[in-house]
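Starting off with a structure, shown below.
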Amino acid sequence: MTPLPDFPPTREAALARLNAFLPAAGRYAAERNFIRPGNDHVSKLSPWLQKRLLLESEVVAATRERWPFAAVEKFVQEVYWRTYWKGWLEQRPAAWSRWRESVPRLTDALSGEQRNTWDAARAGRTGIAGFDAWAQELVATGYLHNHARMWFASIWIFTLRLPWELGAAFFYEHLLDGDAASNTLSWRWVAGLQTAGKTYLARADNIAHYTEGRHVPAADQLVAAPVVITEEPLPKVASWAAPAGASTPLTGPVGLWIHPEDLAVEQGELAGLPVVAVLAPWPKGLASRLGWAPNVADWTKQALGDGAGRAARHFRAEAVMGEVDDLAATLVAWAQERRLGTVVAYRPFVGPWCDEAACVEAAFARAGLALRWHRRAWDQELFPHATRGYFPFWERVRSSG
């Protein structure tokens with residue numbers, strides 16, 4: 001696959017894009033809602049941030065070094081939104097598992113008319129101005145401006161009357177920055193579930209204004225009022241806790257497992273560990289199980305390779321990559337063959353890699369091997385506060401400097 005031109009799957013490209021955006025960061029609050037060709041007035045950092053080829057702390061630090069806080073507060077706030085969603089989902093993992101369960105069930109339950117609408121929506125041939133262009137742009141580029149995502153989700157849910165879960169699946173299939181937390185919870189927010197009763201309704205005049213006249217839906221193309229969507233309350237875990245064992249002393253040779261939710265392991269907490277071996281496998285069938293489009297799967301594999309290569313150079317250790325039939329069994333065999341005393345990794349967030357990590361953890365326990373999870377200090381500090389809503393969370397961030 002040829003890398004998509006706006007998003008080469010490397011840390012080098014991420015840093016280059018951050019540096020290119022910094023001069024415009026001070027205008028972000030005033031210009032962020034406009035959708036313009038190229039979208040260079042917004043950061044477009046999300047694919048790299050989602051894979052942590054670029055770290056949130058790096059983006060915030062670089063932005064605040066370049067600009068007074070008042071000038072970039074809105075942009076910095078958007079970076080923290082991503083962490084807030086992750087922390088919120090860590091405390092309510094059923095939002096992810098319910099969504100995963102619902103997609104095949106709701107797809108099978110579509111009526112003939114709904115299926116025709118669903119097919120037209122995904123192909124970008126509904127006839128709704130803007131919506132069709134955004135569907136085609138998403139499939140072609142793996143990216144969509146955030147304001148377009150909101151309009152698209154609203155039209156999908158309220159005008160086309162399609163299940164929000166299937167819209168979230170369409171985004172998750174094609175977005176390079178597809179994120180269990182940001183994607184699932186943003187669709188829930190538009191639908192009026194994330195903040196109970198508060199929906200987001202796309203308006204023709206708003207679309208016309210912020211696309212600067214490029215997309216002007218007819219007055220009768222969009223609904224004037226949303227439908228009410230309800231659900232059973234989500235169970236909440238008692239409290240968020242850091243992964244156990246992060247402070248346990250290392251024993252024996254240390255191995256490092258790298259996965260695509262943290263690909264800058266040479267930066268931060270793990271960088272100083274005495275790692276002697278690196279493993280960065282790709283589970284066969286993962287992409288098809290998750291419904292990822294080929295370009296999303298290929299981009300993620302290439303990003304994983306970039307992260308593994310940098311880790312190997314940093315630790316001066318061999319990096320083993322490639323597709324494997326069974327991720328957990330591969331990790332166990334690798335640890336045993338190299339006589340590793342401890343394997344370390346950043347614990348994945350709630351989502352597909354966390355599901356894989358649970359199998360890895362069980363396999364290591366059965367084999368009597370030591371697996372030490374870590375979480376970045378950024379997450380350790382912020383996740384416990386993602387409980388009372390975003391704005392109390394943000395005020396706590398602001399008050400702490």
Side-chain angles (χ1 to χ4, degrees), residues 46 49-50 52 55-57 59-61 64 69 73-102 146 149-150 153 164-165 168 171-172 177-200 229-247 261-262 268-269 346-355 357-358 361 373-401:
S46 56
L49 278 171
Q50 197 280 324
R52 277 190 165 162
L55 304 178
E56 298 92 338
S57 56
V59 173
V60 171
R64 296 193 64 177
F69 180 67
E73 179 175 1
K74 179 55 67 176
F75 174 68
V76 171
Q77 191 179 67
E78 292 300 313
V79 177
Y80 277 95
W81 262 115
R82 300 185 65 83
T83 302
Y84 170 74
W85 283 138
K86 280 180 164 42
W88 194 97
L89 190 59
E90 290 280 317
Q91 297 175 60
R92 300 163 185 83
W96 164 256
S97 57
R98 276 190 195 176
W99 173 71
R100 288 282 294 146
E101 175 278 327
S102 73
N146 187 61
R149 299 186 198 200
M150 293 166 62
W164 73 265
E165 295 92 338
F171 271 21
Y172 197 65
D177 63 21
D179 183 271
S182 292
N183 186 58
T184 308
L185 303 185
S186 294
W187 274 84
R188 286 172 51 83
W189 181 80
V190 171
L193 295 173
Q194 196 62 23
T195 302
K198 183 178 181 180
T199 56
Y200 178 79
I229 300 172
T230 60
E231 67 172 355
E232 291 295 317
L234 288 168
K236 183 176 181 294
V237 300
S239 61
W240 184 83
S247 60
E261 287 201 347
D262 206 305
E269 294 80 359
Y346 281 118
R347 183 168 182 81
F349 304 107
V350 170
W353 291 98
C354 187
D355 296 341
E361 192 172 57
W373 295 121
H374 288 256
R375 275 279 166 84
R376 289 192 180 270
W378 175 275
D379 304 320
Q380 302 263 57
E381 167 63 22
L382 296 173
F383 277 15
H385 304 289
T387 181
R388 293 186 295 121
Y390 178 75
F391 293 104
F393 167 86
W394 174 244
E395 287 306 313
R396 198 246 174 239
V397 170
R398 291 189 66 189
S399 67
S400 66

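Just so you know, these numbers come straight off a predicted model, no measurement behind them.
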Under a 4.5 Å cut-off applied to non-hydrogen side-chain atoms, are D262 and R376 in contact? yes
So, taking the atom named SG in C354 and the one named CD in E90, what distance separates them when rounded to the nearest 0.5 Å? 6.5 Å
Between P352 and Y172, which heavy-atom pair has the shortest distance, and what is it? CG-OH, 3.2 Å
State whether D177 and R52 are salt-bridged, where the test is any N-O pair (Lys NZ or Arg NE/NH1/NH2 against Asp/Glu carboxylate O) under 4.0 Å. no
Taking all non-hydrogen atoms of both residues, which atom of G192 and which atom of T199 are closest, and how far apart? CA-CG2, 3.7 Å
Which residues satisfy the side chain to side chain donor-acceptor pair (under 3.5 Å) test with E361, sequence neighbours excluded? W373
Please name all residues satisfying ring-ring contact (aromatic ring centres under 6.0 Å, His included) with W81, sequence neighbours left out, ordered by chain then number. Y84, W85, Y390
Take K86 and D179 through the test side chain to side chain contact (heavy atoms under 4.5 Å, CB included) and record every step on the way to the result. CA-CA 9 Å; K86 280 180 164 42; D179 183 271; 2.5 Å; yes
For residues Y80 and E56, is any side-chain donor paired with an opposing acceptor at under 3.5 Å? no
Give the minimum heavy-atom separation between L49 and L55, together with the two atoms involved. CD2-C, 3.9 Å
So, for V59 and V79, which heavy atoms are closest and what is the spacing to 0.1 Å? CG1-CG2, 4.0 Å
Can E269 and R375 be counted as an ion pair, charged N to O under 4.0 angstrom? no
Under 3.5 Å, is there a donor-acceptor pair between the side chain of Q77 and the main chain of W394? no
Between W96 and T184, do the side chains contain an N or O donor and an N or O acceptor separated by less than 3.5 Å? no
Side chains of W187 and Q194: closer than 4.5 Å at any heavy-atom pair? no
Any Lys/Arg nitrogen of E73 or R64 sitting under 4.0 Å from an Asp/Glu carboxylate oxygen of the other? no
D355/R100 salt bridge by N-O under 4.0 Å criterion: no
CZ of F171 to CG of N183: how many Å apart, nearest 0.5 Å? 7.5 Å
Looking at R98 and E231, is there a salt bridge between them, counting it only when a charged N and a carboxylate O are closer than 4.0 Å? yes
At what distance, to the nearest 0.5 angstrom, does CD of E395 lie from NE2 of H385? 13.5 Å
Could you state the interatomic distance from CZ (R82) to CG (L185), rounded to the nearest 0.5 Å? 11.5 Å
L382 versus F393: any side-chain heavy-atom pair under 4.5 Å? yes
Passes side chain to side chain contact (heavy atoms under 4.5 Å, CB included), F349 versus F383? Steps please. CA-CA 11 Å; F349 304 107; F383 277 15; 3.5 Å; yes
Search all heavy atoms of G389 against all heavy atoms of P392 and return the closest pair with its distance. O-CD, 3.3 Å
To the nearest 0.5 Å, what is the distance between CH2 (W164) and CH2 (W99)? 8.0 Å
Exercise: identify the closest heavy-atom pair between P384 and Q380: CD-O, 3.3 Å
Taking C-beta and beyond as the side chain, do R92 and V237 meet within less than 4.5 Å on heavy atoms? no
Worked verdict on R188 versus L234 for side chain to side chain contact (heavy atoms under 4.5 Å, CB included): CA-CA 12 Å; R188 286 172 51 83; L234 288 168; 3.3 Å; yes
CA sep, side-chain torsions, deciding dist, call: M150, W189, side chain to side chain contact (heavy atoms under 4.5 Å, CB included): CA-CA 9 Å; M150 293 166 62; W189 181 80; 4.0 Å; yes
